[in-house]
Amino acid sequence: MFPFFFDSTFLLLLPALFLAIWAQMKVKGAFHRYSQVASRRNLTAGQVARILLDRFGLSGVPVGMVPGELTDHYDPRAKSLSLSQSVYNSTSIAAIGVAAHEVGHAVQDLKAYAPLRLRNAIVPVANIGSGLAFPLFFIGLIMRAPALMNVGILVFLGVVVFHLVTLPVEFDASSKALRLLSETQILAPDEIGGARAVLNAAALTYVAATVMAAAQLLRLVLLRGMVGGRDD
């Protein structure tokens, strides 16, 4: 029997774990730094989101405020954009960059951006997979049931695919955000660098999540192979 959480394959997760910690430190550091720098036009992030949405004829998309830190998101089902309390009323470069990024997602939705549509389609699969994959695999490991372990691996594969599809969605939204902020001159050329630093740091967290998911999948496959080898 191979302990599920503390076997030798756990070492595979350490690089991904360190990357995830570093990415979180980077995004918090970048956001904190540029949240202290007010933009010259003195527009709040909420106002910027409204201006950019209206630019694309998305006047029907409301811009609201939600509790929490870095809880900003665009909901393609409700067609609504939500900014966190620390962002909504802020005039900082960091907040404006975050708001523009979420507008980028709204523009993707408007233009039926294929990776976004694919991600939205597999969200239910990913949610189910994240909740069931490890219990199924663990039960299969305990019961020496390779077939059940295989199901767990296949279910978790959906989670990995979700993370992979998320990468181009997030990178494209950030690219759109920086281009819009430049074209509309909401941020001056020397301010764009600060917004870019915040969005690049945020993108790194998605890369780290993908690497972690891939490492977890590889670990499950190796554990499955170990059990199969011993059974043989």
Side-chain angles (χ1 to χ4, degrees), residues 19-111 113 116 119 166-209:
L19 177 61
I21 293 172
W22 181 65
Q24 285 296 325
M25 292 174 60
K26 286 279 290 183
V27 70
K28 288 183 178 180
F31 186 83
H32 176 74
R33 176 182 178 184
Y34 290 102
S35 66
Q36 308 300 312
V37 183
S39 63
R40 294 194 188 95
R41 290 192 61 180
N42 204 38
L43 293 170
T44 68
Q47 290 172 327
V48 168
R50 184 73 275 152
I51 290 170
L52 296 181
L53 287 169
D54 291 347
R55 179 183 174 90
F56 287 93
L58 295 172
S59 57
V61 175
V63 179
M65 185 168 57
V66 292
E69 182 178 349
L70 298 180
T71 50
D72 316 270
H73 63 280
Y74 169 74
D75 187 342
R77 295 166 300 179
K79 309 296 183 187
S80 64
L81 192 152
S82 299
L83 300 175
S84 59
Q85 292 175 332
S86 61
V87 167
Y88 187 88
N89 290 315
S90 174
T91 61
S92 72
I93 290 175
I96 288 172
V98 170
H101 175 87
E102 298 309 328
V103 171
H105 286 310
V107 174
Q108 290 174 338
D109 190 23
L110 173 67
K111 297 186 176 182
Y113 181 59
L116 179 66
R119 185 177 74 168
T166 292
L167 292 180
V169 173
E170 296 301 328
F171 291 152
D172 180 74
S174 290
S175 177
K176 281 181 168 59
L178 294 172
R179 185 168 62 252
L180 286 171
L181 292 175
S182 178
E183 290 174 353
T184 57
Q185 298 183 337
I186 287 175
L187 291 182
D190 61 321
E191 294 176 314
I192 291 291
R196 180 178 291 107
V198 171
L199 296 182
N200 285 348
L204 186 60
T205 63
Y206 292 102
V207 173

Test of understanding: with side-chain hydrogen bond (donor to acceptor under 3.5 Å, both in side chains), list the residues that count as partners of Ser90, not counting sequence neighbours. Ser92
Using 0.5 Å steps for rounding, measure from the [atom1] atom of [X] to the [atom2] atom of [Y].
X	Y	atom1	atom2	result
Ser182	Glu191	OG	CD	11.5 Å
Ile186	Leu180	CD1	CG	8.0 Å
Asn89	Thr44	CG	OG1	6.0 Å
Asp109	His105	CG	NE2	11.0 Å
Arg41	Leu187	CZ	CG	9.0 Å
Lys176	Phe171	NZ	CZ	14.0 Å

Any heavy-atom pair between the side chains of Val48 and Leu181 that's under 4.5 Å? yes
Under 4.5 Å between any side-chain heavy atoms of Phe31 and Val87, yes or no? yes
Could you list the donor-acceptor pairs under 3.5 angstrom formed between side-chain atoms of residues 59-71 and any protein atom two or more places apart in sequence or on another chain?
{"from": "Thr71", "atom 1": "OG1", "to": "Pro67", "atom 2": "O", "distance (Å)": "2.9"}

Under 3.5 Å, which donor-acceptor pairs link side chains of residues 19-29 to any protein atom two or more places apart or in another chain?
none

So, Glu102 side chain and Tyr74 main chain: donor-acceptor pair closer than 3.5 Å or not? yes
Are the side chain of Ser175 and the backbone N or O of Asp172 linked by a donor-acceptor pair below 3.5 Å? no
Provide the closest heavy-atom pair for Ala173 versus Gln108 in the form atom of the first, atom of the second, distance. N-NE2, 3.4 Å
Leu83 to Ala49 - nearest heavy-atom pair and separation: CD1-CB, 4.4 Å
Could you check whether atom NZ of Lys79 has more than 12 heavy atoms from other residues, nucleotides or ligands sitting under 6.0 Å from it? yes
What side-chain donor-acceptor pairs closer than 3.5 Å can you find for residues 192-202, not counting sequence neighbours?
{"from": "Asn200", "atom 1": "ND2", "to": "Arg196", "atom 2": "O", "distance (Å)": "3.4"}

Please list all pairs passing the salt bridge (Lys or Arg N to Asp or Glu O under 4.0 Å) test where one or both residues lie in residues 51-68, with sequence neighbours left out. Arg50-Asp54, Arg55-Glu183
Suppose the criterion is salt bridge (Lys or Arg N to Asp or Glu O under 4.0 Å): which pairs have a residue in residues 86-101, not counting sequence neighbours? none
